[in-house]
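Right, one structure below, let's go through it.
To find a chain, count down the sequence lines: A is the first, B the second, and so on, and within it residues start at 1.
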There are 2 protein chains.
Amino acid sequence: MTIDRTQLANAIRALAMDAVEAANSGHPGMPMGMADAATVLFAEQMKFDPADPHWPDRDRFVLSAGHGSMLIYALLHLTGYARPTIEDIANFRKLGSPCAGHPENFELAGVECTTGPLGQGLAMAVGMAIAERHLNAGFGDELVDHRTWVIAGDGCLMEGVNHEAAGLAGHLKLGRLNVLWDDNRITIDGAVSLSSSEDIAARYAAYGWHVVACDGHDMADVSRALKEAAADARPSLIACRTIIGKGAPNVAGTSKVHGAALGAAEVAAARESLVWTDEPFVIPQPIRDGWAEIGRRGAAPHAAWAERLKAHPQAAEFSRRMAGDLPAEDWLAPYLDTLYANPPKVASRKASEMALEAMTAAMPEMLGGSADLTSSNLTKAKAQTPFTADDAAGRYLYYGIREFGMSAAMNGMALHGGVIPYGGTFLVFADYARGAIRLSALQKARVVYVMTHDSIGLGEDGPTHQPIEHLASLRAMPNLHVYRPADAVETAECWALALERKDGPSLLALSRQNLRPVRTQAAGENLSGRGAYRLRSAVAERRVILIATGSEVEIALDTAELLEAQGIGADVVSMPSWERFAAQPADYRDDILPPLKPEQLLRVSIEAGSTFGWERHTMVEGLRFGIDGWGASAPAPDLYKHFGLTADQIAPKVLAALRV
Amino acid sequence: MTIDRTQLANAIRALAMDAVEAANSGHPGMPMGMADAATVLFAEQMKFDPADPHWPDRDRFVLSAGHGSMLIYALLHLTGYARPTIEDIANFRKLGSPCAGHPENFELAGVECTTGPLGQGLAMAVGMAIAERHLNAGFGDELVDHRTWVIAGDGCLMEGVNHEAAGLAGHLKLGRLNVLWDDNRITIDGAVSLSSSEDIAARYAAYGWHVVACDGHDMADVSRALKEAAADARPSLIACRTIIGKGAPNVAGTSKVHGAALGAAEVAAARESLVWTDEPFVIPQPIRDGWAEIGRRGAAPHAAWAERLKAHPQAAEFSRRMAGDLPAEDWLAPYLDTLYANPPKVASRKASEMALEAMTAAMPEMLGGSADLTSSNLTKAKAQTPFTADDAAGRYLYYGIREFGMSAAMNGMALHGGVIPYGGTFLVFADYARGAIRLSALQKARVVYVMTHDSIGLGEDGPTHQPIEHLASLRAMPNLHVYRPADAVETAECWALALERKDGPSLLALSRQNLRPVRTQAAGENLSGRGAYRLRSAVAERRVILIATGSEVEIALDTAELLEAQGIGADVVSMPSWERFAAQPADYRDDILPPLKPEQLLRVSIEAGSTFGWERHTMVEGLRFGIDGWGASAPAPDLYKHFGLTADQIAPKVLAALRV
């Protein structure tokens, strides 16, 4: 006997309202409104196997409207994933439960990505769909042949990032991407019509999407719409006309049901209207059975896929890539040898380009791009061809002027697996992408941000383009590794560290202007991996440690020379990464920055950006040379002089501080 | 004799290519491509008076494609603004010239807003158009009757913020807003078709805009299109089909002409093709005269307007508001008296709402709103009615789920003048709006950001919604004043400081959870204005200073009690604003945080966010209680315990540090 699907959907409704009620916190409206459409999606379209949430060829399901987290928790539980258990759901939004307020990929294996910050789920899904097509081009339909499904709300579709993501998806004709729009016409403030009058269907059509509408509570109609979407070669927007909080008789269809518990009386009324007689968190066995049947749909295709993988000539390579392991080949050592043989005076963005030639040759999983600054970021290796609608084998994405969309898409690619995405923009526009950078860090996604033009050293473009506070603001972000290399050797070292890192993003801050080589001899280890290291040792009695990053390391070296000429011994410490340095053992850190009183050993930082935070390394009593206001428009050398960031200006101030 | 307008346009082309050539840096392609359309715009439509760039009823011109800065510099110079002079232009992109790489409102009076970060000019223009309609509703056509004109490129229209801004403008039917789209089909990476296939006209139509197309080099056609746009009641997108770099015979129409000097040979070829025989920076007198005539068009309307102002019953109020002066009435003191009479235990977001009742009653220029979080941010005073397409007198904007668009629009409102915009979202979504917050700070715009749910104290919504690094990352931004008030009194004080500030933005970080009143007696001055002040003085011999902000001030007070019970004297310093404290005289700062050795006086910070940067106040040797990883999903009290942010957990650690 097949159970009525409406009853299956009501199980979602019951769990959603009961969990929110128990937590006295959460969002019942969306799961109750989209329960019917989600049931059809999982019953008919989704390819998944709860027994193996990591099956590489599974369809990806992204709940972009992440506040409706009980929808995905209910789906995962009912279809048979090991977690969440019913106890996990009963502890929704409590400490220790994997059923957090918003779905988190690091809490539950069945959650593909962390959502809640609106619009980004959809944008990550675009990245997943890109990764799918790219891997399909490399490994064929036998191994890679899946779809990406999204549930998005009006919030997702109002956020700017949806424009960037949908424009990109339409351009790349990502037909495997299907977005169910929960068209409930309600936002937190009230009716959507309070703040928006747009024709969303027409807008998506303008991006080149296929658009289909359905009644989100008529399961046959949903079924038809999903089939049409799946059949179309374009990405599809499936407008599901729904009633938010459907099942709650008195508040359904209003903003009241969006983000608060229904209350005991309304829950009772909803139980009555749904003819749902069981206690909270109790699912009747026939309904459990019905869901379990849906959960078993994927077992056979999964087994068949596993057989195909066994027989596939590229099985090992495919598995390596999906596991995120790097190839055994060492690209770094031979490349560094070429640098030591002939140390180049190049911008670190150029050094990055040089390293990319070696890296992309060694690592086919690297999938690069830039937000329309390819010739400035220097992110494209010569052999990389464009990823296009017609050629998904291409390894370079022209993302367009879409920093946020690019970054969110890279999160989706990294979480999909099989590729290591990197993408470029100017460091100052990290601000545009910051919402996605934070999600890279939170989600532990291996994404590499290549951010060039990293200081006033970019020159004439002026204050709108000159990062000041960016290094500090990015270093403040948990789990993001920020690198600011000083020359071509450090740039290669930092790239290697970024690629080796499996559990989070890295950001390379690179110069526009040429940098003098400061590392000209083999070191025997990746010194940048230490975060900070002694680049120059004091000759005279050590009184000063000059700490610098990136383009200011050469200024620190020059300053040291001036100090030594006055009989003052000065170490120079290059500090490409604060995070790496913080992770070193105490004895290493104490060796590089000895815990001595400032009157014994003065610490001085030099960095062409905000001094915010530098007291951590210089102590409050130390000196900090930087820029705490805005930049200016002029050639770079003029700006360095103007802002006092030259050895000629720094050395006398250090001497004066020593004399106090 | 009227000069041929093509020659007028060629003057723009000549200045653009010569200035970029002299700087050997800049963007000649856009000014050369849009010279014809801009000439028609200024000759026929723009209402402006170079003799008074601040004339309140002038049309606003926004060069959203700010990299084409030479276009606006040429226009301002040729039409007769005092600056830029021809020398200023000859020094384009050099230190000291107001002709910076990108147009900056703080450098030139004729530049309405700072552009370059793409998309934001258009979004600021939406704010200007809102301000215009709002002031028109208050002061009538006699005083306020102008338009906002924008030139935007493909970059502007690809950025997500254009979606948010255009959606809002269409919804509000801002018919006075007209956007010329430089449809040149080229971006930095190459053809637009590399990265985008969208039908922009259809998309804007979907937002409810009027769309008209023209040949951007056929002046009669441009004239027709501008007239159609001006006549339509909807906001208009005027698609100007252009050739980037028109006039440069060999590189026009390619990405080569976008962002680099043409080079001597191509400049010579362009001079020949344009039949432009004069030396660089020399404009033939007939062409100067032709432009001067255009520049004089506004004198008569300006004079007539001045007469109308004189006769207007609201002249004084209008002038006060446009000058940005606050009303004489003191709302703060009487409001604080009500708090002292009955100190409320409320969330600071609620305290903000209470203060808003008093403030918005006293200051009609306050124009509020929220990015769809009105009932969470508590940004709406009861008397505020919505600003809608039908009622521009409304003082509350339902911005929709558009944090970036809201923030950029607020910049436009503030720069337009006559209104003080404030708007709300969750603090964590400062990330979405960060590009605009930076432009508030850079442009010295009086914008107030009301950012609630400012820590783990928001509870169950979890890590995606819990700010960690946000306070640090915002404090690192130059010219932004960040406030984190501890109770209702401080909240009102911080609001007063934000409103009094004429030269930059303020951001209020407010709690979701209730806060115990810590200021219960009149202080005789706005203590928050000091940035930090002694809230509690040690009773026993002072060994510790506890420094806290916002919701952690009460924890600091409790910790002090526990320490005093052990005979350890402890000051408590409330520090609502780092920036304000930094601006105090040294003797004040030394009184609050005496420059003593840590072994004499231990400094301890308590803030439910990243400890990044706190060494500045605690010294490296001090203690910092905060959160340097991610938050979690649970009720707020559980989280405070989980993260060690309770007096019970802090006091023993302070005692242990004293014993070392």
At a 4.5 Å cut-off on heavy atoms, which part of A:N162 comes close to chain B: side chain, backbone, both, or neither?
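Just the side chain, heavy atoms under 4.5 Å.
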Answer with side chain, backbone, both or neither: which region of A:S610 has an atom nearer than 4.5 Å to a non-hydrogen atom of chain B?
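Contact with chain B involves the side chain of A:S610 alone.
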Is it the side chain or the backbone of [X] that comes within 4.5 Å of chain A heavy atoms, both, or neither?
X	result
B:S375	both
B:Q443	neither
B:V428	side chain
B:T611	both
B:P467	backbone
B:A389	neither
B:E107	neither
B:N24	neither
B:Y207	both
B:L639	side chain
B:S97	neither
B:H617	neither

Tell me if the aromatic rings of B:W630 and A:F106 count as close, with their centers under 6.0 Å from one another.
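Not under 6.0 Å, so no.
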Distance only, no hydrogens: is a donor on one side chain within 3.5 Å (strictly under) of an acceptor on the other, for A:E198 and B:Y204?
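No donor-acceptor contact under 3.5 Å links the two side chains.
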I need the residue from [options] with the largest number of non-hydrogen atom pairs under 4.5 Å to chain A.
options	result
B:G190, B:G613, B:A476, B:G259	B:A476
B:P117, B:A371, B:G155, B:A632	B:P117
B:E460, B:H470, B:K173, B:K380	B:E460
B:E164, B:R402, B:E159, B:K94	B:E159
B:C99, B:S69, B:S196	B:S196
B:G462, B:A472, B:G405, B:G116	B:A472

Side chains of B:L442 and A:T464 in contact at under 4.5 Å (non-hydrogen atoms):
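Yes, close enough: below the 4.5 Å cut-off.
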Does A:P386 reach the side chain of B:L194, with side-chain heavy atoms less than 4.5 Å apart?
no
Should the pair A:Y432 and B:F404 be assigned to parallel (<30°), tilted (30 to 60°) or perpendicular (>60°) ring geometry?
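Perpendicular, since the angle between the ring planes exceeds 60°.
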Heavy-atom pairs under 4.5 Å with chain B: which of [options] has the most?
options	answer
A:S473, A:G66, A:A206	A:A206
A:P595, A:P635, A:A441	A:A441
A:G435, A:A202, A:P463, A:G208	A:P463
A:R616, A:H67, A:M477	A:R616

Closest non-hydrogen atom pair, [X] against [Y]:
X	Y	result
B:R475	A:F612	CB-CE1, 3.7 Å
B:H27	A:D461	CE1-OD1, 3.8 Å
B:M619	A:V620	CA-CG2, 3.9 Å
B:I468	A:P478	CG2-CG, 4.0 Å
A:Y398	B:S195	O-CB, 3.4 Å

Measure the spacing between [atom1] of [X] and [atom2] of [Y] and express it to the nearest 0.5 Å.
X	Y	atom1	atom2	answer
B:T187	A:I401	OG1	CD1	5.0 Å
A:N377	B:I188	CG	CD1	9.0 Å
A:D189	B:D372	CG	CG	4.5 Å
B:S633	A:E104	OG	CD	7.0 Å
A:R434	B:R434	CZ	CZ	4.5 Å

Would you say A:H163's side chain and B:M158's backbone share a donor-acceptor pair under 3.5 angstrom?
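Indeed, once roles are kept as given, a pair shorter than 3.5 Å links the two residues.
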Is the shortest distance from a Lys or Arg side-chain nitrogen in A:R438 or B:E469 to a carboxylate oxygen in the other one below 4.0 Å?
yes
Are there residues of residues 165-172 of chain A that reach to under 4.5 Å of chain B by heavy atoms, and which ones?
A:H171
